[in-house]
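Working notes for the structure below.
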Amino acid sequence: MKNNIDKTDLSSSQGDHRGSFYKSSVVFVGSSPIGGSYPIRIQSMTNTNTLDTKASFAQCIRIIEAGADYVRLTAQGIREAENLAVIKNELRKAGFDTPLIADIHFNPVAAETAARIVEKVRINPGNYADKRASFEKGEFTEKEYNEGLERIHAKLLPLINICRENKTVIRIGINHGSLSDRIMTRFGNTPEGMVFSALEFIRIFRAENFNDLVLSMKSSDTAIMIEATRMLVNMLQSEELTYPIHLGVTEAGEGEDGRIRSAAGIGALLAEGIGDTIRVSLSEDPEKEIPVAAKLAGYYPRGVCRKAPDKPLSFKAPSSKPEVLKRINGPLVVSNMTSYLNLDAEGYKNAGYNTDPVTGEIKKAEGSADLIIVKNCPDKMPENVSLVLPYRMWYEKRENERLYPLFSPETFHESKYRPEKLNILLTGSNFIIEYLKDPDPNTTLVMFTFNPEKEQYAADYFLNALEENNLSQNIILNPVFRESNLEDLQIKASSLLGRYIIDKRISGISVSNIGEVDFRDITALAFSILQCTETRITRTIYLSCPTCGRTKFNLQESVKKVKEATGHLKGLKIAVMGCIVNGPGEMAGADYGYVGAADGKVHIYKGTVPVLKNIPEKDAVEELLKVIEKDQANL
């Protein structure tokens with residue numbers, strides 16, 4: 001088996017894997033099987049100091065009792081790795097047999113120590129046998145490249161032998177932004193680089209006939225995480241390998257954004273039959289991750305992807321668009337307000353508009369729906385509002401340029417009068433393809449409505465039908481949910497819609513819900529899905545790690561302070577990271593970083609470069625803001 005890798009190795013692994021579903025082999029983590037037809041396993045990670053046995057033991061129990069199948073703990077040094085035995089012994093004495101996972105960075109000896117104790121060890125190929133990447137492009141000769149692989153092989157051999165002897169599983173965990181210099185020089189900080197980083201290690205393990213492996217491709221960027229994982233699966237299939245896959249979006253954040261970003265990335269892959277274990281990384285108490293992960297796993301349980309069409313999705317949103325789409329930098333948000341007999345001030349608020357507290361004037365905001373579908377036309381329309389009316393009602397008011405007609409495809413097909421600017425066609429799962437051949441994508445949006453409880457893959461079948469008939473249309477997906485809990489709606493809508501948005505298959509979304517969730521929250525959710533998939537930015541983007549035993553400050557409190565100070569800076573991406581072990585690499589793509597350096601000390605980053613070091617935590621947010629404001633002033 002060759003060790004040296006070139007870019008041609010992935011030539012047969014590009015594109016959508018759909019059509020030949022990936023079924024992983026089974027690996028036993030302790031007595032708990034993962035992969036195959038077993039349920040999707042859920043895990044979280046402690047954020048206590050691993051040397052603090054009492055705190056780590058208590059948090060492990062909280063995570064387990066929340067429903068976790070596995071618990072991960074950091075082991076940054078040999079002492080921490082050794083103390084895993086004490087923590088494990090306390091858990092077993094208390095009657096808990098949940099497998100433990102050691103999380104390792106930079107320290108092979110810690111990995112070897114932990115592998116004798118826990119059921120699984122996670123290592124990062126970007127730093128297991130390599131120094132911290134410098135992110136500076138250099139050159140490696142073939143001789144230097146191969147010598148690097150031989151050095152890695154030698155470093156891994158003791159771990160392989162220990163894991164074989166102790167039946168310990170290894171997760172090869174690739175993180176976008178923490179690739180080795182050797183990989184960076186050939187592929188850059190790319191999904192291809194992530195996959196080749198995994199390939200290097202996989203081939204070493206296979207050369208030693210060790211196959212108790214789990215693989216992961218993680219990033220804070222949902223698109224990169226999805227692309228890298230798909231590419232990895234395609235590569236595995238091409239080489240007839242079937243290792244279980246771990247899914248997660250790193251630095252997902254907290255609150256609504258953390259849930260939506262995680263659901264969009266993880267849900268996109270679960271919908272395609274990829275994923276054997278998941279972790280939702282939230283900047284919250286770790287036990288709070290478990291219910292979110294359980295809901296995700298429950299929405300795409302084993303086998304649900306078999307209801308998807310066999311043909312891979314290839315439909316893409318057309319480049320030709322109506323003028324209303326050209327004015328918007330990203331997908332459209334459509335709000336269905338037909339439940340209002342007459343659209344009033346409250347209705348506009350629910351569609352994301354603001355009301356002037358003095359004049360009562362309705363004003364458009366960043367989170368205002370681009371189009372509002374109404375049952376009746378109000379007597380007076382605010383400026384910058386575009387309404388969609390049933391065709392016959394629109395026809396009577398057609399002199400108003402901010403009113404647009406809503407057709408059925410049949411009515412549109414038969415109608416002799418169509419406006420030149422914009423027509424909206426409403427269709428569903430019982431569509432007749434012949435009636436969708438007339439619309440011009442320069443003047444038409446097709447809104448596809450479906451019930452995801454009964455037809456989870458209805459949009460796939462619809463988009464495939466358009467592709468098979470060589471039809472190019474701007475599609476607005478409108479799933480109609482029946483949820484009374486906002487978090488449930490957030491998770492389901494994000495995991496359902498995320499892959500269509502990220503893959504640029506649709507031109508907009510309209511989230512509908514028959515339930516008790518506040519309408520204003522539904523509008524906000526549509527914009528949050530676009531924000532968290534970075535397809536339409538309407539506010540500041542925040543990345544924050546979920547914290548672990550390496551965290552050097554109160555991360556949850558720091559996230560709140562950074563958000564309060566920088567929330568007005570639309571479009572910037574700001575990362576709040578707990579430590580310098582992962583922080584500088586895993587916040588790849590962020591404009592600025594707030595990174596724990598030592599107890600009570602913070603480094604301020606601009607991109608991947610630290611511009612201020614060891615700032616006292618009490619002053620760090622203010623110093624971060626000064627750095628940003630100085631840059632903004634120089635623009």
Side-chain angles (χ1 to χ4, degrees), residues 252-264 266-268 271 280 282 284 288-300 331-355 365-375 388 426 428 447-456 458-459 476-501 506 508-533 536 538-539:
E254 47 90 50
E256 179 187 59
D257 281 359
R259 285 155 176 77
I260 291 172
R261 186 176 283 113
S262 292
I266 295 171
V280 174
L282 301 177
E284 302 175 22
K288 292 184 179 179
E289 297 178 350
I290 303 303
V292 180
K295 288 175 182 179
L296 257 175
Y299 194 50
Y300 287 109
L332 202 70
V333 171
V334 179
S335 184
N336 184 351
M337 307 295 290
T338 52
S339 59
Y340 281 80
L341 183 61
N342 293 296
L343 193 61
D344 56 11
E346 185 66 19
Y348 285 115
K349 285 183 183 179
N350 285 337
Y353 286 79
N354 293 333
T355 303
E366 288 284 359
S368 302
D370 304 300
L371 294 173
I372 303 175
I373 301 176
V374 294
K375 185 181 293 184
V388 178
L426 181 65
M447 189 167 173
F448 183 74
T449 297
F450 61 104
N451 179 355
E453 289 184 6
K454 295 181 179 180
E455 312 167 297
Q456 210 162 354
I476 309 297
L477 285 189
N478 177 38
V480 182
F481 297 93
R482 286 164 174 77
E483 302 297 331
S484 295
N485 178 275
L486 177 57
E487 181 178 274
D488 291 348
L489 180 61
Q490 290 169 342
I491 291 169
K492 289 184 177 182
S494 305
S495 60
L496 180 77
L497 293 169
R499 63 192 176 100
Y500 303 109
I501 297 166
I506 59 175
I509 59 174
S510 175
V511 179
S512 296
N513 186 63
I514 300 170
E516 297 177 8
V517 178
D518 189 271
F519 209 120
R520 204 167 308 177
D521 289 333
I522 296 172
T523 303
L525 171 58
F527 280 98
S528 291
I529 293 172
L530 301 183
Q531 171 85 13
C532 291
T533 54
R536 180 174 175 181
T538 51
R539 45 191 166 85

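Because only heavy atoms are used, hydrogens play no part in the values below, and waters and symmetry mates are left out as well, while side chains stay in. Position 1 is the first residue of the sequence; numbering continues from there.
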Rounded to the nearest 0.5 Å, what separates atom [atom1] in [X] from atom [atom2] in [Y]?
X	Y	atom1	atom2	result
Leu477	Leu496	CG	CG	7.5 Å
Ile522	Gln490	CD1	CD	11.0 Å
Leu530	Ile501	CG	CD1	5.0 Å
Met447	Ile506	CE	CD1	11.5 Å
Ile476	Leu426	CD1	CG	11.5 Å
Ser512	Leu489	OG	CG	10.0 Å

| task | Check the pair Phe527 / Glu366 against side-chain contact (heavy atoms from CB on, under 4.5 Å), numbers first and verdict last. | result | CA-CA 9 Å; Phe527 280 98; Glu366 288 284 359; over 6 Å; no

Mark yes or no for whether [X], through its side chain, and [Y], through its backbone, hold a donor-acceptor pair below 3.5 Å.
X	Y	result
Gln456	Ala271	no
Tyr500	Gly508	no
Thr523	Asn350	yes
Ser368	Gly352	yes
Glu284	Gly255	yes

| Side-chain ion pair, Arg482 and Glu453, N-O less than 4.0 Å |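 So Arg482 does not pair with Glu453 through a salt bridge.
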
| message | Just so I know, are the side chains of Ile372 and Tyr340 near enough to count as touching, which here means a heavy-atom distance under 4.5 Å? | response |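 Heavy-atom side-chain distance check fails, nothing below 4.5 Å.
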
Give the minimum heavy-atom separation between [X] and [Y], together with the two atoms involved.
X	Y	value
Thr533	Ala264	CG2-CB, 3.9 Å
Glu289	Val280	CD-O, 2.8 Å
Ser262	Leu296	O-CD1, 4.3 Å
Ile509	Ala526	CD1-O, 3.5 Å
Pro452	Val480	CD-O, 3.2 Å
Val333	Arg536	N-NH1, 3.9 Å

| Which is it for Leu525 and Ser494 under the side-chain contact (heavy atoms from CB on, under 4.5 Å) test, yes or no, and what are the steps along the way? | CA-CA 9 Å; Leu525 171 58; Ser494 305; 4.2 Å; yes

| request: List the steps and the verdict of side-chain contact (heavy atoms from CB on, under 4.5 Å) for Asn478 and Val334. | output: CA-CA 9 Å; Asn478 177 38; Val334 179; over 6 Å; no

| Would you say the side-chain atoms of Ser510 and Asn336 include a donor-acceptor pair closer than 3.5 Å? |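 Checked: Ser510/Asn336 side chains show no N/O donor-acceptor pair below 3.5 Å.
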
| task | Could you give me the CA-CA distance, side-chain angles and deciding distance for Glu346 and Phe519, then say whether side-chain contact (heavy atoms from CB on, under 4.5 Å) is met? | result | CA-CA 10 Å; Glu346 185 66 19; Phe519 209 120; over 6 Å; no

